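Only one structure is covered here, and it is reproduced in the block below.
Per chain, numbering begins at 1; letters A, B, ... match sequence-line order. None of the values given here were measured: they were computed from a predicted structure.
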2 protein chains.
Amino acid sequence: MSNYKHILLAYDYSAGNDQMASKAQQLAQQHQAKLSIVHVLDNIAMPDVSYGTVINLNQPQEYAALEQQRIKFITLTQTLAIGLSNCWLIWGNPKQEIVELATHEQVDLVIVGSHGRHGLARLLGSTANSVLQYAGCDVLAVRL
Amino acid sequence: MSNYKHILLAYDYSAGNDQMASKAQQLAQQHQAKLSIVHVLDNIAMPDVSYGTVINLNQPQEYAALEQQRIKFITLTQTLAIGLSNCWLIWGNPKQEIVELATHEQVDLVIVGSHGRHGLARLLGSTANSVLQYAGCDVLAVRL
């Protein structure tokens with residue numbers, strides 16, 4: 001088989017993500033692949049959109065929250081020894097942004113955490129399920 | 001990280017399955033893992049169930065079809081050099097049987113083909129999606 005050339009780790013800071021990162025690093029090493037990492041911010045209101053979304057009345061705090069996330073993410077990527085040019089901090093919907101980034105960056109393996117979901121969350125579908133369904137490449141879902 | 005110890009390849013003979021098998025073999029080698037293979041027969045009517053399912057009026061032909069599948073599967077496992085004790089030919093619903101076998105055999109990575117599904121099939125969900133949702137272990141979905 002041809003080895004994976006570009007692996008994308010979708011990181012969301014939930015429990016088990018460190019183990020997932022370590023699997024990603026090992027796979028990248030085994031396949032001599034480029035390793036990229038993405039974290040999608042879906043819990044911070046977007047402060048600077050002038051049309052079509054909620055107007056935020058508390059912009060300075062949102063910017064501060066964003067800056068905090070940025071610093072947290074940079075610290076993580078340094079720990080994982082991933083160069084900044086392979087690190088992506090994106091604002092939006094995780095399912096959509098991960099698939100779009102994977103396509104754009106010609107990723108051939110996405111590694112995503114898979115939570116055992118129940119009830120409503122199962123009906124709505126997990127990020128892992130959506131990535132699997134829409135990504136044009138292989139997907140490794142790591143059970144968290 | 002701890003390596004994978006037992007990898008289960010879910011094989012369905014569709015296009016791209018050979019490439020998936022080769023990925024499974026490579027991963028098993030890299031992780032020094034045991035490699036098992038399962039094929040679930042979901043297209044042959046069950047001939048010998050006396051209660052609760054359709055009574056089949058054409059049993060001899062069904063048995064012949066089953067025997068044919070068995071021989072085809074054994075040939076495949078020989079090509080892949082997987083010992084017979086690690087080969088599973090199961091009658092039933094693929095999603096369910098793969099998850100049950102993985103649990104029973106303490107598999108820590110299931111490799112399953114992922115078809116790009118559209119329309120009704122997307123609504124019904126793919127085998128890969130269901131395995132991901134219900135398996136207690138990691139799942140590698142290989143895009144076919």
### Query
Between B/Leu140 and A/Leu35, is there a shared hydrophobic cluster once you connect ILVMFWY residues whose side-chain heavy atoms come closer than 4.5 Å?
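Yes, B/Leu140 connects to A/Leu35 through the hydrophobic network.
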### Query
Mind checking whether B/Ile74 and B/Tyr13 sit in one hydrophobic cluster, side chains of I, L, V, M, F, W, Y counted as touching below 4.5 Å?
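Result: no, two separate clusters.
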More than 12 heavy atoms of other residues, nucleotides or ligands under 6.0 Å from [atom1] of [X]: yes or no?
X: A/Glu67; atom1: CD; result: yes
X: B/Gln106; atom1: CD; result: no
X: A/Glu105; atom1: CD; result: yes

### Task
First locate atom CG of B/Asp138, then atom CD of A/Gln19, and finally report the distance between them rounded to the nearest 0.5 Å.
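Here the rounded value is 7.5 Å.
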### Task
Measure the OH-NZ distance between B/Tyr4 and A/Lys23 for me, rounded to the nearest 0.5 Å.
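It comes to 3.5 Å.
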### Query
With a 4.5 Å limit on heavy-atom distance, are the side chains of B/His31 and A/Gln30 in contact?
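Side-chain contact under 4.5 Å: yes.
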### Query
Can you tell if the side chain of A/Val139 reaches within under 4.5 Å of the side chain of B/Val139, non-hydrogen atoms only?
no
### Task
May I ask you to decide if B/Leu109's main-chain N or O and A/Arg143's side chain share a donor-acceptor pair within less than 3.5 Å?
no
